[in-house]
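Okay, structure first, notes after.
First listed ligand is number 1; within each ligand, the first listed atom is number 1.
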Amino acid sequence: MIIIDQLIDHNAVRVMQLPTNHRFIQAAFGQKADRVPVWLMRQAGRYMKEYQLLRSKYSFLDLCKTPDQAAKVTLLPIDLLDVDAAILFSDILIPVEAMGMSLQFTEKGPQLMNPVRQQRDVASLSIPEPEEKVPFVMETIRLVKKELGGKVPLIGFAGAPFTLMSYMVEGKGSPDLKTTKQFIHQEMDLAHELLDKVAETTIKYLNAQISAGAEAIQIFDTWAGLLSYDDFKQFSLRYLQKVVSGLNRENIPIIVFAKGSGIFYQDLLETKADVISIDWNANLPVIKREIGSQAAVQGNLDPYILYSNRDSIRNCVKKLLDSMKPYDGYIFNLGHGILPDIPFDNIRFLVDSVKELGVYD
Ligand code: CP3
């Protein structure tokens, strides 16, 4: 009898811990959760001294490509912050390298040699098979899943076609996308050909992450907010739609993040994503009220608040959480990623505050 009881208990714990019953997945699908779930963009990174120690031994790209180390970094914020979801440690430019471009990370950020400008540049790019060209990503996912044992869900991710194209055309980050904008207007057909190729690559890449065990997907369209409305529709939204519609998404919530989502959120609903991640200058409760049950929302604390003292952080968290209390389908996050020089203790304090103040009545 005791043995059977133990078995039943054990199973109950297992069922409780299945990620589909997890508050992050529930909120992402617009269902009621016990409290607001919290994770943070760029939660695996330089603000942690444990990460800096690993970076003193490995280059960033080597860390991404060494599954046991990448898995270790993915798990750091689970151990040190106790957030409600893990996000794969990798970079949006990994599949771009696999398409055939040469990638380096320097002091100035990512650099892609021989930027794409002409027909022959686009023609030379391949649509890689993920298990052949980036097996380390799927291996990292499998290792992380084993370690997590269902404690929290694992989010896989990719860059959106437009944001990836902007790096491919500029060859590096750009504050205004000057060359990309010239490219999409002067070489419109070529731009669409490139976006199609990137979208195909991204669909295969994300489906491989899902097959390997990713339980949610976030697509980052970081630079979409720099586009005019017409260009956003043609060059960003259309390809976000294409990617989302190509995913094997049963039971897998899809989150779309775009800087500028505050302006474009109505259109982003057309992607049929489960969650729209909103940046910090938008009025989140108003957006949620307007979109109702069409999608859950994620966001949107200004990450710069985290340079302030605890009282200010707590006040801002409370204000945001109170304004979102009437709604299910809300995931707490920042409007954009954690900056590397934000004090670790402030981030830990933020997460603890959300857990305390985000309980639903
Ligand atoms: O969120 C996470 O913790 C998961 C890991 C992750 C990284 N990059 C690790 C990283 C994710 C999801 C990304 C996405 C990413 N990468 C985006 C989209 C999100 C966003 O921030 O808008 C973009 C645009 C990139 C491209 C990129 N990678 C840039 C521009 C830079 C340099 C700027 C910077 O923050 O250093 C990176 C490097 C990078 N990606 C680091 C990390 C931890 C720092 C690398 C280091 O250790 O030096």
Worksheet entry | Within the 6.0 Å centroid threshold, strictly below: Phe89 and Phe60 | yes

Worksheet item: Would one find an N or O of Ala44, backbone or side chain, under 3.5 Å from an N or O of ligand 1?
Response: yes

Worksheet entry | Contact atoms of ligand 1, heavy-atom distance to Arg55 under 4.0 Å | 46 (C), 47 (O), 48 (O)

Worksheet item: Are Thr163 and ligand 1 in contact, using a heavy-atom cut-off of under 4.0 Å?
Response: no

Worksheet item: Could an N or O of ligand 1 be found under 3.5 Å from any N or O of Gln43, whether backbone or side chain?
Response: yes

Discussion item. Can a side-chain donor-acceptor contact be found between Thr271 and Gln241 if the only test is distance below 3.5 angstrom?
Written reply: no

Worksheet entry | Atoms of ligand 1, numbered as shown, that sit under 4.0 Å from any heavy atom of Phe89 | 43 (C)

Worksheet entry | Within residues 334-351 or reaching into it, pairs that qualify as salt bridge (charged side-chain N to carboxylate O under 4.0 Å, His left out) - sequence neighbours excluded | Arg348-Asp352

Worksheet entry | Ser90 touching ligand 1 at heavy-atom level, < 4.0 angstrom | yes

Worksheet item: Under a 4.0 Å N-O cut-off, is there an ion pair linking Asp79 with Lys151?
Response: no

Worksheet item: Counting from 1, what ligand 1 atoms have a heavy atom of Tyr51 closer than 4.0 Å?
Response: 43 (C), 45 (C), 46 (C), 47 (O)

Fill in: Min N/O separation Tyr167 to ligand 1 under 3.5 Å
no

Worksheet item: Arg46 heavy atoms, cut-off 4.0 Å: which ligand 1 atoms fall inside?
Response: 34 (C), 35 (O), 36 (O), 44 (C), 46 (C), 47 (O), 48 (O)

Item to complete: Examine ligand 1 and decide if any of its atoms is less than 4.0 Å from a heavy atom belonging to Gly337.
Response: no

Worksheet item: Quick one: does ligand 1 sit under 4.0 Å from the side chain of Leu88, the backbone, both or neither, non-hydrogen atoms only?
Response: backbone

Worksheet item: Judged by non-hydrogen atoms, does His336 sit under 4.0 Å from ligand 1?
Response: yes

Discussion item. Within ligand 1, which atoms have a heavy atom of Ile87 less than 4.0 Å away?
Written reply: 1 (O), 2 (C), 3 (O), 4 (C)

